[in-house]
> 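Here you go, one structure.
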Amino acid sequence: MVAGQPEQKRIVILTRDGPEHRYVANMLCAGLSIDRIIVDRSARRTRLRRAVRKGLVHFLGKATRAVFLKMIRDDEARTRSLESLLGQKAQTFYASDRIDYVEGINGTASLEVLRQRRPDAILIYGTSVVKNAVLDSATDICINLHTGISPQYRGTACSFWPVVNDELDMLGATIHECTSGVDSGPIFETVHSRYEPGDDLHRIFGRAVMVGAEAYVRVVHRYVAGTLSGVSQDLSIGREYRGADLTIGPELVARRRLARLRSIAEISIIGQNDRVVR
């Protein structure tokens, strides 16, 4: 090793195969030396049991939301919005020669790749909850990109809940150490994203992905340089949101809020145009 140069680190990414996952992985690969990318292609499971435990009304609210999203073809709208916003980096994995596709991020295939690669650091984004067997595969650290402002917004859909709660100033991302707790490890960097007039829920999420990916690269550069430090989270602040919380009620609240914001923006533009004409 050349004197004065930081030690080369073996770094592995764990992610999935959506537009946002490809974008983040490509941003990391462009700015860092990445050894391998493990991509989970397993279907996401719908956890109905937890919704059922919350009672019939809650279960029906979750089922109604699923039907509503299917009727409006929300999956297609999500893909269009994200690919439009995130651009070419969301289309395909650039480092296709370094990818291992697996069925389940905690499965035997994933663990075998990690055993062979012996990574110093594991970079996680957008996977299911990573279990200790995977976390323990990193000799130094596991880092996660969370598209929400922790500790106030932890868990699932944390660019959605600030819209529901009318807290658009709480949109953004958190880079933190990945531990066995959900989004609860020490924070390395927090960044805020902006709502832009006309944004739908998916573009709001995409903007959090963009600022989060940029912060992720900065954080990993600090890790490689040996200057990374974090701040412990106060988990008494905020809330952990779960998939079972996503029912038709909050969904309609969020969409009404955005529709109202669009109307206000349109009225403002009309007013500005009237003044220009005069």
Side-chain angles (χ1 to χ4, degrees), residues 9-16 20-21 24-25 28 34-47 49-51 53-54 100 102-159 161 172-190 208-209 212-213 215-216 219-220 222-223 228-246:
K9 298 290 188 180
R10 294 185 301 274
I11 301 175
V12 172
I13 297 173
L14 304 186
T15 192
R16 291 184 65 85
E20 69 273 32
H21 307 107
V24 171
L28 290 169
I34 301 297
D35 186 60
R36 210 71 189 164
I37 306 171
I38 301 177
V39 178
D40 181 8
R41 278 186 163 174
S42 63
R44 289 188 180 275
R45 291 184 297 173
T46 303
R47 299 183 179 276
R49 188 177 300 174
R50 185 172 291 165
R53 285 202 299 265
K54 290 193 171 187
D100 291 287
V102 299
E103 294 292 322
I105 209 66
N106 297 296
T108 55
S110 178
L111 288 168
E112 178 60 21
V113 174
L114 292 169
R115 186 191 67 78
Q116 293 176 5
R117 295 294 169 177
R118 296 180 294 111
D120 297 299
I122 297 176
L123 310 182
I124 300 162
Y125 173 61
T127 67
S128 57
V129 175
V130 179
K131 296 182 179 179
N132 286 336
V134 172
L135 297 176
D136 292 342
S137 299
T139 58
D140 283 349
I141 194 170
C142 296
I143 305 174
N144 183 57
L145 162 57
H146 167 58
T147 46
I149 302 296
S150 289
Q152 289 86 351
Y153 285 90
R154 306 186 307 276
T156 300
C158 288
S159 64
W161 291 106
T174 306
I175 318 299
H176 64 89
E177 183 174 353
C178 190
T179 62
S180 55
V182 177
D183 300 326
S184 60
I187 292 175
F188 302 123
E189 189 166 338
T190 301
V209 171
Y216 213 167
V219 166
V220 182
R222 295 201 295 272
Y223 158 70
L228 184 63
S229 63
V231 177
S232 297
Q233 298 194 52
D234 180 358
L235 299 182
S236 67
I237 299 173
R239 174 182 169 184
E240 178 188 331
Y241 291 89
R242 300 186 176 188
D245 298 321
L246 293 169

> Hey, does Thr147 have a side-chain heavy atom less than 4.5 Å from the side chain of Glu20?
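No. Closest side-chain heavy atoms not under 4.5 Å.
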> Would you say Asp40 and Leu14 make side-chain contact, with heavy atoms under 4.5 Å?
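When only atoms from C-beta onward are counted, Leu14 and Asp40 do not touch, as no gap falls below 4.5 Å.
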> Over all heavy atoms of both residues, which pair between Thr179 and Gly185 is shortest? Give the atoms and the distance, please.
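Heavy-atom minimum between the residues: OG1-N, 3.9 Å.
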> Test side-chain contact (heavy atoms from CB on, under 4.5 Å) on Ile105 and Ile124; report intermediate values, then the result.
CA-CA 10 Å; Ile105 209 66; Ile124 300 162; over 6 Å; no
> State, to 0.1 Å, how close Ala173 and Leu145 come at their nearest heavy-atom pair, and which atoms those are.
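For Ala173 versus Leu145, the nearest heavy atoms are CB-CD1, 3.8 Å.
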> Minimum heavy-atom separation for Ala208 to Gly172, with atom names?
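Closest approach of Ala208 to Gly172: CB-O, 3.5 Å.
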> Tell me the closest heavy-atom pair linking Ser150 and Ile187, and the distance in Å.
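That closest heavy-atom pairing would be O-CD1, 3.5 Å.
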> Indicate the atoms forming the closest heavy-atom contact of Lys9 with Asp140, along with that distance.
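Shortest heavy-atom separation between Lys9 and Asp140 comes out as NZ-OD2, 3.2 Å.
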> To the nearest 0.5 Å, how far apart are NE2 in His21 and OG1 in Thr127?
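His21 atom NE2 to Thr127 atom OG1 measures 8.0 Å (nearest 0.5 Å).
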> From Tyr223 OH over to Ile141 CD1, what is the distance, rounded to the nearest 0.5 angstrom?
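Those atoms lie 7.5 Å apart.
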> Rounded to the nearest 0.5 Å, how far does CD of Gln152 lie from CG of Asp234?
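Answer rounded to 0.5 Å: 9.0 Å.
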> Over 60° means perpendicular and under 30° means parallel, so classify the ring planes of His176 and His146, tilted if in between.
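Perpendicular, since the angle between the ring planes exceeds 60°.
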> Can you find a pair of side-chain heavy atoms, one from Arg222 and one from Glu189, that are under 4.5 Å apart?
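In contact.
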> Show the numbers, then the answer: is there a side-chain contact (heavy atoms from CB on, under 4.5 Å) between Asn144 and Val130?
CA-CA 10 Å; Asn144 183 57; Val130 179; over 6 Å; no
> Kindly indicate whether the side chain of Trp161, heavy atoms from C-beta on, has any atom under 4.5 Å from the side chain of Leu246.
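A side-chain contact exists here, since the closest heavy-atom pair is under 4.5 Å.
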> First locate atom OG of Ser110, then atom CD1 of Ile38, and finally report the distance between them rounded to the nearest 0.5 Å.
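If we round to the nearest 0.5 Å, Ser110:OG and Ile38:CD1 are 4.0 Å apart.
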> What distance do Ser137 atom OG and Asp120 atom CG have between them, rounded to the nearest 0.5 Å?
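So the gap between those two atoms works out to 12.5 Å.
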> Heavy-atom distance under 4.5 Å between the side chains of Tyr153 and Thr174, does that happen here?
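No; the side chains remain at least 4.5 Å from each other.
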> Has the side chain of Asp35 got a donor or acceptor atom that lies under 3.5 Å from a matching backbone atom of Ile11?
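Answer holds: no.
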> Between Leu228 and Val219, is any pair of side-chain heavy atoms under 4.5 Å apart?
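Touching, per the 4.5 Å side-chain cut-off.
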> Side-chain contact, heavy-atom cut-off 4.5 Å: Arg16 with Ser42?
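Heavy-atom side-chain distance check passes, below 4.5 Å.
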> Can you tell me how far the CZ atom of Arg239 sits from the CG atom of Asp245, to the nearest 0.5 Å?
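Output value for this atom pair is 4.5 Å.
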> Would you say that Ile34 contacts Leu123 through its side chain, given a criterion of any heavy-atom pair below 4.5 Å between the two side chains?
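They are in side-chain contact.
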> If you compare all heavy atoms of Ser128 against all heavy atoms of Asn106, which two are closest, and at what distance to 0.1 Å?
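So the minimum-distance heavy-atom pair works out to OG-ND2, 4.2 Å.
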> Before you tell me yes or no, could you show the steps for Thr15 and Val24 under side-chain contact (heavy atoms from CB on, under 4.5 Å), namely the whole-Å CA-CA distance, both residues' side-chain angles and the distance that decides it to 0.1 Å?
CA-CA 9 Å; Thr15 192; Val24 171; 6.0 Å; no
